[in-house]
Amino acid sequence: DAKTTQPNSMESNEEEPVHLPCNHSTISGTDYIHWYRQLPSQGPEYVIHGLTSNVNNRMASLAIAEDRKSSTLILHRATLRDAAVYYCILRDVGRGSTLGRLYFGRGTQLTVWP
Amino acid sequence: KAGVTQTPRYLIKTRGQQVTLSCSPISGHRSVSWYQQTPGQGLQFLFEYFSETQRNKGNFPGRFSGRQFSNSRSEMNVSTLELGDSALYLCASSFLGNTEAFFGQGTRLTVV
């Protein structure tokens, strides 16, 4: 699976927007971009995913570069509850070898200050 | 809709023993995946089951095994436990295995 690169850590103040970057320069045409997050002492939680167009849901927005080699997860107003490790993952859903399988890197540890 | 349920939440076992962990997926989900999480290695994929068949397997020794029942519930078994097996074991369910996955809270296994 194509590799992603994320900063090890980022910080934000409460109620400010947060932009979490992810580079995936070797992305293939059939790779979907997924984001998960893991709060302390919990299992990972699905956040959002997209293929080419920007996506919005109740948790966040996903902005995908036109060449798809990078993406940004946007939390519009960070809360203390958003402090977590955020994982950017590529999924080629057409390949049998990736069925049921997510490749987690080290992710970005987001710290939110009150 | 109930989430993914893993039991037990905590376990302490002795080296050489075996252990069985259980996972109940979200109703209607047929894919169940297992992951091991340690501070040193992060989240690593163990295996995935779909309709009682193992479809994918990670790079773990044969001491790690699993199965899935007709109601999609899954169990994983670790035999001859080693100290290095101490970890958080996470189960994830999804509808077909290629859509978003929903994780349980995990089972914290400590081997002493």
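We name chains A, B, ... by the order of the sequence lines, and we start the count at 1 in each one. Values below: all heavy atoms of this structure, side chains included; hydrogens, waters and symmetry mates excluded.
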Query raised in the report: Are there more than 12 heavy atoms of other residues, nucleotides or ligands under 6.0 Å from atom CG of Asp67(A)?
Result: yes
**Report entry** Path from Leu90(B) to Tyr10(B) over hydrophobic side-chain contacts below 4.5 Å
**Finding:** no
Query raised in the report: Checking heavy atoms, do the side chain of Ser94(B), its backbone, both or neither come under 4.5 Å from chain A?
Result: neither
Query raised in the report: For the atom pair OH (Tyr46(A)) and CZ (Phe103(B)), what is the distance rounded to the nearest 0.5 Å?
Result: 13.0 Å
Query raised in the report: Can you tell me how far the CD atom of Gln38(A) sits from the CG atom of Leu43(B), to the nearest 0.5 Å?
Result: 5.5 Å
Query raised in the report: What residue, out of Gln41(B), Arg108(B), Gln6(B), has the most heavy-atom pairs lying under 4.5 Å from chain A?
Result: Gln41(B)
Report summary line: So, the part of Gln37(B) with a heavy atom under 4.5 Å from chain A: the answer is side chain
Query raised in the report: What are the two closest non-hydrogen atoms of Arg101(A) and Lys57(B), and how far apart are they?
Result: NH1-O, 3.6 Å
Query - hydrophobic_cluster_shared for Trp35(A) and Leu110(A), side chain cutoff 4.5 Å - result: yes
Requested in this report: Check the pair Thr99(B), Tyr32(A) against side-chain contact (heavy atoms from CB on, under 4.5 Å), reporting the backbone distance first and the verdict last.
Outcome: CA-CA 10 Å; Thr99(B) 53; Tyr32(A) 282 75; over 6 Å; no
**Report entry** Aromatic ring proximity, centroids under 6.0 angstrom, Phe104(A) and Tyr35(B)
**Finding:** yes
Report task. Under 4.5 Å heavy-atom distance to chain A, tell me which part of Phe45(B) shows up: side chain, backbone, both or neither. Result -> side chain
Query raised in the report: Among residues 64-80 of chain B, which ones touch chain A with a heavy-atom distance under 4.5 Å?
Result: none
Report task. Verify the neighbour count for atom CD1 of Ile12(B): are there more than 12 heavy atoms of other residues, nucleotides or ligands below 6.0 Å? Result -> no
Requested in this report: Please check if Leu21(B) and Val32(B) belong to a single hydrophobic cluster, counting links between Ile, Leu, Val, Met, Phe, Trp and Tyr side chain heavy atoms closer than 4.5 Å.
Outcome: yes
**Report entry** Distance in Å, Glu48(B) CD paired with Leu102(A) CG, rounded so as to fall on 0.5 Å steps
**Finding:** 10.5 Å
Query raised in the report: Cluster question for you: counting only ILVMFWY and a side-chain heavy-atom cut-off of under 4.5 Å, with indirect links fine, are Val55(A) and Leu20(A) together?
Result: yes
Requested in this report: Report the distance from atom CD of Glu45(A) to atom CD of Glu100(B), rounding to the nearest 0.5 Å.
Outcome: 12.0 Å
Query - Shared hydrophobic cluster, Leu90(A) / Tyr86(A) (ILVMFWY, side-chain heavy atoms < 4.5 Å) - result: yes
Indicate every side-chain donor-acceptor pair of residues 69-77 of chain A with a distance under 3.5 Å to a residue at least two apart or in another chain.
{"residue": "Ser71(A)", "atom": "OG", "partner": "His24(A)", "partner atom": "NE2", "Å": "2.9"}
{"residue": "His76(A)", "atom": "NE2", "partner": "Ser61(A)", "partner atom": "OG", "Å": "2.7"}
{"residue": "Arg77(A)", "atom": "NH2", "partner": "Glu15(A)", "partner atom": "OE1", "Å": "3.2"}

Query raised in the report: For Arg9(B), does the CZ atom sit with more than 12 other heavy atoms under 6.0 Å from it, leaving out its own atoms?
Result: yes
